[in-house]
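Okay, structure first, notes after.
Residue numbers start from 1 in every chain, and the chains themselves are labelled A, B, ... in the order their sequence lines are given, proteins ahead of strands.
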Number of protein chains: 2
Amino acid sequence: MPADRSPTRIQKKNRAAILEAALDVFSAHGFRGATVDQIASEAGLSKPNLLYYFPSKEAMHNALLEQLLDTWLDPLRELQAEGDPLQELMGYVQRKLQMSRDYPRESRLFANEIVQGAPRIHAALTQELKSLVDEKVSVLQDWMDQGRIAPVHPYHLIFSIWSLTQHYADFDVQVRAVLGDEDPFATAPDFMETLYRRLLTP
Amino acid sequence: MPADRSPTRIQKKNRAAILEAALDVFSAHGFRGATVDQIASEAGLSKPNLLYYFPSKEAMHNALLEQLLDTWLDPLRELQAEGDPLQELMGYVQRKLQMSRDYPRESRLFANEIVQGAPRIHAALTQELKSLVDEKVSVLQDWMDQGRIAPVHPYHLIFSIWSLTQHYADFDVQVRAVLGDEDPFATAPDFMETLYRRLLTP
DNA sequence: CGTGACTTTGACCAGTTGGTCAAATCAGGA
DNA sequence: TCCTGATTTGACCAACTGGTCAAAGTCACG
């Protein structure tokens with residue numbers, strides 16, 4: 001096991017390579033479907049060498065999830081109570097959509113975990129996630145009470161943004177199978193814009 | 001292997017029990033994460049007995065997927081070109097939402113398969129699925145051309161219905177972690193109704 | 001009740017899995 | 001250069017995996 005001291009050049013490089021490979025494999029096969037051998041070969045390292053940097057397969061998975069949950073919630077954190085309501089919400093939707101386009105593996109990693117009952121991050125859902133959502137929901141509720149956006153169930157509003165945007169990452173093969181050659185990300189932003197403008201304009 | 005003749009009472013009962021258990025296990029762990037032993041013990045049969053009724057683990061998975069793809073597309077098939085456009089679409093949304101509530105395991109089985117790249121049903125996506133969607137999209141397009149519903153990208157409209165409704169089955173733990181005690185299916189139908197009425201009313 | 005087909009299972013197998021370990025190799029500061 | 005700690009790996013292991021098979025048990029029907 002590498003020491004707890006500040007990481008050497010080699011440690012930095014290898015840890016990053018391992019996490020990169022692990023993201024690839026876990027997001028494509030889920031936790032139980034991924035094998036350490038597969039991650040090792042994709043990282044260009046031997047299996048015992050992986051286990052020198054991370055004590056177990058589960059530790060790699062945890063490292064990814066912890067690192068990612070924060071990044072994943074950033075777009076929602078940026079939603080400002082002080083801004084223009086419709087503009088803030090549109091910004092949030094477009095940021096989430098960009099994340100689906102630019103980080104589809106991260107999206108699928110979470111999707112795999114949640115679909116299978118979130119056995120490894122259930123605590124984080126009821127804590128960090130819930131409290132952030134509760135906070136932003138109260139902002140939405142204020143806007144609705146002030147008549148600045150149309151009144152709708154604020155939690156379902158947020159769920160709808162999550163599901164619509166992540167759909168393009170998580171169900172990518174299905175979307176592309178139906179759309180054929182058309183690039184989903186070329187037309188999705190416009191659709192989202194229309195949908196939420198119609199829904200939320202008072 | 002059971003004969004090809006008409007199934008005996010025992011064959012019917014055991015096949016059904018196996019598929020029921022397989023649905024439970026596959027939907028909770030994905031294909032690679034599920035084990036035949038686990039399915040066997042949940043079905044109350046021995047492992048060799050399972051493999052007497054199905055030649056392999058993959059055969060069980062295929063049997064489930066084939067049987068389910070049809071059921072899964074039924075709500076869309078019921079969308080009638082002759083009916084009232086808004087009412088037809090609302091009906092479709094509500095039928096899909098009910099399927100998420102009543103058959104969450106089926107939804108998660110598909111979700112697992114698609115998220116992991118649909119290695120086993122990719123052909124069905126580009127054939128049965130695509131042709132049904134193409135057909136219904138042309139109905140939607142006619143309605144839009146006639147000004148009977150607002151013009152939006154028809155494929156994204158269908159994707160949005162899929163993602164919104166299935167979210168409540170596939171991401172159930174997350175939804176419940178955020179909502180606390182509130183039953184998502186008590187308030188979701190109303191939210192969907194509002195959303196699609198605002199989006200589609202001309 | 002007897003018989004042949006259907007059903008069930010314990011024991012087993014070869015391949016894969018996550019993980020260990022001692023020994024070998026390497027990097028870099030004195 | 002040499003030495004010490006960091007890094008790497010081949011060989012290995014026990015547990016588990018999907019799947020096989022011959023033998024035993026059960027059923028339905030004449």
Side-chain angles (χ1 to χ4, degrees), chain A residues 1-65 112-113 116 119-120, chain B residues 1-65 112-113 116 119-120:
Chain A
M1 193 168 15
D4 268 352
R5 328 197 147 275
S6 62
T8 68
R9 174 181 55 87
I10 295 178
Q11 277 174 33
K12 267 190 202 165
K13 192 192 63 177
N14 283 348
R15 269 188 219 270
I18 291 169
L19 288 180
E20 168 71 18
L23 177 57
D24 239 54
V25 176
F26 282 133
S27 68
H29 302 291
F31 179 75
R32 284 174 65 171
T35 74
V36 178
D37 276 298
Q38 209 177 339
I39 298 171
S41 105
E42 196 152 324
L45 299 171
S46 66
K47 181 168 67 166
N49 206 2
L50 283 219
L51 294 162
Y52 168 71
Y53 288 102
F54 292 87
S56 70
K57 176 184 170 182
E58 188 154 6
M60 299 175 211
H61 197 250
N62 285 343
L64 279 175
L65 283 178
N112 266 304
E113 176 70 9
Q116 301 186 4
R120 280 165 281 272
Chain B
M1 192 169 18
D4 269 353
R5 330 198 146 275
S6 62
T8 68
R9 172 180 56 87
I10 295 177
Q11 277 175 33
K12 268 191 201 164
K13 192 192 62 177
N14 283 349
R15 270 187 218 270
I18 291 169
L19 288 179
E20 169 70 19
L23 176 58
D24 240 53
V25 177
F26 282 133
S27 69
H29 301 291
F31 179 75
R32 284 174 64 169
T35 74
V36 179
D37 276 300
Q38 210 177 339
I39 298 172
S41 104
E42 196 152 324
L45 300 171
S46 67
K47 181 168 67 165
N49 207 2
L50 283 221
L51 294 162
Y52 168 72
Y53 287 102
F54 292 88
S56 70
K57 175 183 171 184
E58 189 154 5
M60 297 175 212
H61 197 249
N62 286 343
L64 280 175
L65 284 178
N112 266 303
E113 175 71 9
Q116 301 187 3
R120 278 165 283 271

Spacing between B/K13 atom NZ and D/dT26 atom C1', to the nearest angstrom: 12 Å
Out of D/dT8, C/dG19, C/dT9, whichever nucleotide has its closest atom nearest the side chain of B/S46: C/dT9
Are side-chain heavy atoms of A/S27 and B/Q116 found at a separation under 4.5 Å? no
Out of curiosity, B/L65 CG to B/L23 CG, how far, rounded to the nearest 0.5 Å? 10.0 Å
Ranking D/dG19, D/dT20, D/dT8 by distance to the side chain of B/P48, first place goes to D/dT20
At less than 4.0 Å, is any side-chain N or O atom of B/Q11 found next to OP1 or OP2 of C/dT7? Yes or no. yes
State whether A/N49 places a side-chain N or O below 4.0 Å from either non-bridging phosphate oxygen (OP1 or OP2) of D/dT7. no
Let's see if you get this right: which residues in residues 17-45 of chain B place a heavy atom under 4.0 Å from DNA chain C? none
In whole Å, I'd like the distance from the NZ atom of A/K57 to the C1' atom of D/dC16. 12 Å
For A/L51 and D/dG10, give me the distance from atom CG to atom C1', rounded to whole Å. 15 Å
For D/dT8, does OP1 or OP2 lie under 4.0 Å from any side-chain N or O of A/Y53? yes
Look at the side-chain N and O atoms of A/Y52 and state whether any lies under 4.0 Å from the OP1 or OP2 oxygen of D/dT8. no
Side-chain contact test, heavy atoms from C-beta onward, threshold under 4.5 Å: evaluate it for B/T35 versus B/K47 and give yes or no. no
Got A/F26 and A/K57 here, is their nearest side-chain heavy-atom distance under 4.5 Å? yes
Is the shortest heavy-atom distance from the side chain of B/E58 to the side chain of B/F31 under 4.5 Å? yes
Any N/O pairs under 3.5 Å between the protein and nucleotides 2-5 of chain D? List them or say none.
none

Do any side-chain nitrogens or oxygens of B/N14 fall under 4.0 Å of OP1 or OP2 in C/dC6? no
With a 4.5 Å cut-off on side-chain heavy atoms, are A/Q38 and A/D24 touching? no
Just verifying a value: how many Å separate B/L64 CG and B/L19 CG, rounded to the nearest 0.5 Å? 5.0 Å
Should A/Y53 and A/I10 count as side-chain neighbours, where that means a heavy-atom distance under 4.5 Å? yes
Could you tell me the separation between the CD1 atom of A/I10 and the C1' atom of C/dG28, rounded to a whole number of Å? 10 Å
Could you tell me the separation between the CG atom of A/L50 and the P atom of C/dG19, rounded to a whole number of Å? 11 Å
Nearest-Å distance, NZ (A/K12) to P (D/dA6)? 17 Å
Partner set under side-chain hydrogen bond (donor to acceptor under 3.5 Å, both in side chains) for A/E42, not counting sequence neighbours: none
Atom CE of A/M60 and atom P of C/dT17 are separated, to the nearest Å, by 14 Å
